[in-house]
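Report on the structure given below.
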Amino acid sequence: MSTSSQHQFRYTQTPSKVLHLRNLPWECSEEELRELCKPFGKIVNTKCNVGANRNQAFVEFVDLNQAISMVSYYASSSEPAMVRGKTVYIQYSNRHEIVNNKSPGDIPGNVLLVTIEGVEAGDVSIDVIHLVFSAFGFVHKIATFEKTAGFQALIQFTDAETASAARDALDGRSIPRYLLPAHVGSCNLRISYSAHKDLNIKFQSNRSRDYTNPMLPVNYTAIEGTVQTAIGPDGKRKEPESNVLLASIENMQYAVTVDVLHTVFSAFGTVQKIAIFEKNGQTQALIQYPDVMTAAAAREALEGHCIYDGGYCKLHLSYSRHTDLNVKAFSDKSRDYTVPDPSLVAAQGPATAWQNPQAAPMYHGSAPAYHTQVPGGQWDPSLQAVRPSYISAPGTFQASSPLASSPIGHNANPTGIAQSGVPRNVNLQPSGALLSVPGSSPLVQTSQAAQGLVQPNARTGAASPPGQHYYA
DNA sequence: AGCACA
C-alpha cells in the first residue's frame, strides 16, 4: 500500500496533469507561465516562485493529454521551452493536482490592499495615490490608514480585472519620485488583493475618498489633521471632546472583554457601542456614549484607574475622533447595544441561555463572506480606518492622577474585594465596586450585564487570576 | 536544473 516506496526515477515518472517547471527566470510571473503553457491546453491552476530559489513552478492542465502534449512537444523539439531567454525544463509533477494555497491576498478582487513602504502617512497624499492608480481605470474609493505594517491604502476599482492590471503593473514598483516629498527616498508599493468588495467611506477627508459620491460630507477636522488640536489654558494640547472614548489598556494581565468594559463604563451612562482592538501590540477599546458630557464624566472618573486590583488593566482614556462607531453588533470584540440583543430574547426562554451568551444565536453563518466588516467576528481597524483615525492623539494621555494606582472604585468598594487581589469581574455585582465610582449613576442593566454576561466569563476562567495574593 | 504545503 505504501506509495512512498514507488520508484521516482526521472524516466519512469508517470504522466500527470500537473507539470513541474524549473530553471525559470527570476520572479517569473503567472502570466509568463501561462503564455508558455497555454498553447497546449486549458490551464486550471498555477503555482509560481516555488522552491528555495523561487525559480520553479507548477502548471495544472484541465486534461492529462494536454500535459502529455506539452512534455512530448518539448521532448522532441529542437527549440527548448524558454521564458525570458532562459531554457525551462519541464517534466511531469509527482503530484496530480496543485493544492491551491494562495494566501487571501492573492485571490483577485476589485479592491487592492496597497502597502507603501518606507513612508509616513503624511508623505504620500491621497491625491497622489489616486493619481497613480487612476492610470488603470476608474478609482471608486480610497481609504488610507496606518497599521503595524506601515502606511496602507485600500483602493477600490470597478472590477478584479482593473485591479489586477494595476497590481501587476505597480507591485514592487515605486511611486514616481517627483510625486513625493524630497526627503522620501524610495517607497515601494506592495500590493495584494483585499477581501473587500465595497469600502464603507463615511467622509471625504485627507484619509479617505469616495469618488462615486460627491454628496458625501466632508470631514474638515480630519482634513486639517493635527493642527486641529486646541491648546488648553495650561498650555497643554487639548483634544477635542467627543462622545466616544478611546481606552488604552495597560498591563493587561487579565482578559478585558466587551462585557467587562460595558460594566465599567455603564456606570456613567448608557454605553451605545464598544469595540476592542489591538494597536501596536496594545489592547485598546472605543466606547461610545450618546453624548459628550457622559463621555467626559467617564473619562474624568476612570482615567488612570485599573479595572483589576494590583495595577492590572490600567485605563488611559482620551477622546476619539469618532462620533459613531461602525461595529459588528455581537462579536467577541465588539458590541452594539443599540440593536436588539438576541441573547436577551433567548434569556427569556430557556433558563440556561444566559449562562452561555456565546451559545445564543448571534451571527453564526449570517455574515456574507465579503461583508465590509471582517468575517469571523474580528473588528478590523483597517476597515474602520475609512473614518479619520483610530488614535485620537497618541502620546497625549494625561499624567496619572493621584489615584491612578488604585483600582477603580477602590474607595467606594463596600465589599473589600479590592484587598484580595482578585479581579473584580469574578464578583461583579450590579452595584459592585466597579460601578460605584463617585459620580456614577446606576444605569447598569443588572440582568444583562452583571449576571448574564460578565459572570459566566469569570466562571469559565477567561479572566481567572493566578493564585497569588499580593497582600498575603 | 530536480517537486509546493501541512
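Proteins come first, then strands; the chains are lettered A, B, ... in the order of their sequence lines, and each starts at number 1. Hydrogens, waters and symmetry mates are skipped; everything else that's a heavy atom, side chains included, is used.
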TODO: Rounded off to whole Å, could you give me the CG-to-C1' distance for the A/N55 and B/dG2 pair?
DONE: 10 Å
Open item on the list: So, OP1 or OP2 of B/dG2: does either fall under 4.0 Å of a side-chain N or O from A/Q56?
Closed with: yes
Task: A/Y92-A/H20 aromatic ring centre distance below 6.0 Å - done: no
- [ ] Can you tell me the distance, in whole Å, between the CD1 atom of A/I90 and the P atom of B/dG2?
- [x] 15 Å
Open item on the list: Without decimals, in angstroms, what is the distance between A/N53 CG and B/dC3 P?
Closed with: 11 Å
Open item on the list: What is the separation between atom CG on A/N23 and atom P on B/dC3, rounded to the nearest whole Å?
Closed with: 13 Å
Open item on the list: Tell me the interatomic distance from A/Q91, atom CD, to B/dA4, atom C1', rounded to whole angstroms.
Closed with: 14 Å
TODO: Please name the residue in the list A/I116, A/V124, A/D123 that meets the side chain to side chain contact (heavy atoms under 4.5 Å, CB included) test with A/L180.
DONE: A/V124
Open item on the list: Does anything in residues 179-190 of chain A form a salt bridge (Lys or Arg N to Asp or Glu O under 4.0 Å)? List the pairs, not counting sequence neighbours.
Closed with: A/E117-A/R190, A/D171-A/R190
TODO: Measure the distance between the ring centre of A/Y89 and the centre of the six-membered base ring of B/dG2, then answer whether it is under 5.5 Å with planes under 30°.
DONE: no
TODO: Name all residues meeting the salt bridge (charged side-chain N to carboxylate O under 4.0 Å, His left out) criterion together with A/R173; count only those two or more places apart in sequence or in a different chain, and write none if there are none.
DONE: none
Task: Value in whole Å for how far the C1' atom of B/dA4 lies from CG of A/L33 - done: 13 Å
Open item on the list: Distance check needed: B/dA4 C1' versus A/Y92 OH, whole Å only.
Closed with: 20 Å
Task: Sugar-phosphate, base or nothing in reach of A/E97, heavy atoms under 4.0 Å - done: base
Task: Separation of atom CD in A/E60 from atom C1' in B/dA4, rounded to whole Å - done: 13 Å
